[in-house]
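Notes to accompany the following structure.
Throughout, protein chains are lettered first and strands after them, A, B, ... in sequence-line order, and every chain is numbered starting at 1.
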There are 2 protein chains.
Amino acid sequence: MGPAALNAIASPRRREILRLVWNQEQTAGAIHRAMPDVTFGAVSLQLRTLVEAGLVEARTAQRNRFYRARREALGPVAEILERMWDDALWKLKLAAELEETRRGPKPRRRKKKPGL
Amino acid sequence: MGPAALNAIASPRRREILRLVWNQEQTAGAIHRAMPDVTFGAVSLQLRTLVEAGLVEARTAQRNRFYRARREALGPVAEILERMWDDALWKLKLAAELEETRRGPKPRRRKKKPGL
DNA sequence: GATGTAATTTAGTTTAAACTAAATTATATG
DNA sequence: CATATAATTTAGTTTAAACTAAATTACATC
């Protein structure tokens, strides 16, 4: 548990990802599909932060990249997170939070590719 | 350990404060004097964050306000922090970090008070 | 080697945290 | 009540994190 790990679990988004890969590995694509309010790129960057903090590890297979939590790296904090996720009150709080912030990525006009 | 607590301990600055009030209470002034690279106002705001996260509590006496860590609120994380602070390697790392970032608040021209 | 799929990386933007200076609140003391 | 001390709060700025769109890499399949 270095400071990078403390920083990593401070972000709700990264905790969301951590939760998805907690009990079984998931591909980057599956993780992204589970959180449709952000782009694939954003998910990939957060995965990188988690890997660099040592909280998640990756395995490459063909065209996929499988991620899974390194629960042992969290030590006693693993239990804290599990309690947070299990707690019913918590679930309500999270639902309210998500309701507020999750309205999907704002649609932007796609830049026209300049023909050569 | 709510998410506010996880967020609170993610900040190096707040961990620095937490460390100062870990074993005995300190006045806001003493805390500020121990970190001369930021203003008193900045310290006060971080103290507020820590109190709101439930990690620190305050007691008022005369003109002073004494702060101390609520170690019990951190549960198993208390040990993690203590280990971080005790570890010699850690001390070196922190010293290097501080060397980089701590050069005191940038001096700014004081705005002249308009005479009425 | 063109096409398609999975994911990462880059460069730039937006959002939120941390900070500053100054104003303000509260309490004590002459 | 004026002055001084201790701390907080406010309003605005700076810095850093999170995000986006588009480009790029990597590996299959035709």
Side-chain angles (χ1 to χ4, degrees), chain A residues 4 6-17 21 25-33 35-53 56 58-67 97 100-114 116, chain B residues 4 6-17 21 25-33 35-53 56 58-67 97 100-114 116:
Chain A
L6 288 182
N7 176 61
I9 57 173
S11 151
R13 180 71 72 191
R14 283 189 296 265
R15 285 199 300 270
E16 196 181 353
I17 292 176
V21 300
E25 61 180 10
Q26 300 284 348
T27 65
I31 294 165
H32 173 228
R33 282 189 292 281
M35 30 207 318
D37 57 323
V38 278
T39 62
F40 202 155
V43 171
S44 185
L45 289 169
Q46 296 289 27
L47 280 167
R48 181 159 74 176
T49 300
L50 283 165
V51 168
E52 279 168 4
V56 158
R59 158 178 93 82
T60 306
Q62 290 91 42
R63 274 182 295 201
N64 296 314
R65 207 159 161 72
F66 289 86
Y67 287 90
E97 274 179 39
E100 261 185 51
T101 59
R102 173 179 292 179
R103 330 175 210 273
K106 92 184 70 160
R108 267 204 221 174
R109 184 153 52 264
R110 176 176 281 252
K111 194 190 283 178
K112 205 183 289 177
K113 199 190 283 180
L116 47 129
Chain B
L6 289 181
N7 176 62
I9 57 174
S11 151
R13 180 72 70 191
R14 284 189 296 265
R15 285 200 300 271
E16 196 181 354
I17 293 176
V21 300
E25 61 179 11
Q26 301 284 349
T27 64
I31 295 164
H32 173 229
R33 283 189 292 279
M35 31 206 319
D37 57 322
V38 278
T39 61
F40 202 156
V43 171
S44 185
L45 289 169
Q46 295 289 28
L47 280 167
R48 182 159 74 177
T49 300
L50 283 165
V51 168
E52 280 168 3
V56 159
R59 158 179 93 82
T60 306
Q62 290 91 42
R63 273 183 295 203
N64 296 316
R65 208 160 159 72
F66 289 86
Y67 287 91
E97 275 179 39
E100 260 184 52
T101 59
R102 173 179 291 180
R103 325 176 215 273
K106 92 183 70 158
R108 268 205 221 175
R109 186 155 50 263
R110 176 176 282 252
K111 193 190 286 180
K112 204 184 291 177
K113 199 190 286 180
L116 46 128

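Checking the phosphate oxygens (OP1, OP2) of D/dT8, a side-chain nitrogen or oxygen of B/R65 falls inside 4.0 Å.
Rounding to whole angstrom units, CG of residue B/L50 and C1' of C/dA17 are separated by 14 Å. Distance CD (B/E25) to P (D/dA7): 12 Å, rounded to an integer number of Å. Here C/dT8 presents its P atom at 6 Å from CG of A/L47, a figure rounded to the nearest Å. In this entry the distance linking CE of A/M35 with C1' of D/dT20 reads 15 Å, nearest Å. The CD1-P distance, from A/I17 to C/dT8, rounds to 11 Å in whole Å. For the pair B/Q62 CD and D/dA6 C1', the interatomic distance rounds to 12 Å; values are reported in whole Å. Residue B/D37 contributes atom CG, which lies 14 Å from atom P of C/dA18 at whole-angstrom precision. Note: CZ (B/R59) to C1' (D/dA6) measures 15 Å, nearest angstrom.
When the nucleotides D/dT8, C/dA7, C/dA18 are ranked by their closest atom to the side chain of B/R14, C/dA18 comes out on top. In the set C/dA21, D/dA18, D/dT20, the nucleotide with an atom closest to the side chain of A/Q46 is D/dA18. Checking C/dT8, D/dT8, C/dT9 against every side-chain atom of A/L45, the shortest atom distance belongs to C/dT9. Looking at the side chain of A/T27, the nearest of the listed nucleotides C/dT9, C/dA7, D/dT8 is C/dA7. Looking at the side chain of A/T39, the nearest of the listed nucleotides C/dT20, C/dT9, D/dT20 is D/dT20. Nearest to the side chain of A/R63, among D/dA7, C/dA7, C/dG4, sits C/dG4.
Heavy-atom nearest nucleotides on DNA chain D were determined for B/N64 and for A/F40, and the one closer to the 5' end corresponds to B/N64.
In this structure, the side chains of A/Q46 and A/V38 stay at 4.5 Å or more apart for every pair of heavy atoms.
Put simply, OG1 on A/T27 and CD on A/Q62 are 12.0 Å apart, with the number rounded to the nearest 0.5 Å. Here the CD-CD1 distance, from B/E16 to B/I31, works out to 11.0 Å after rounding to the nearest 0.5 Å.
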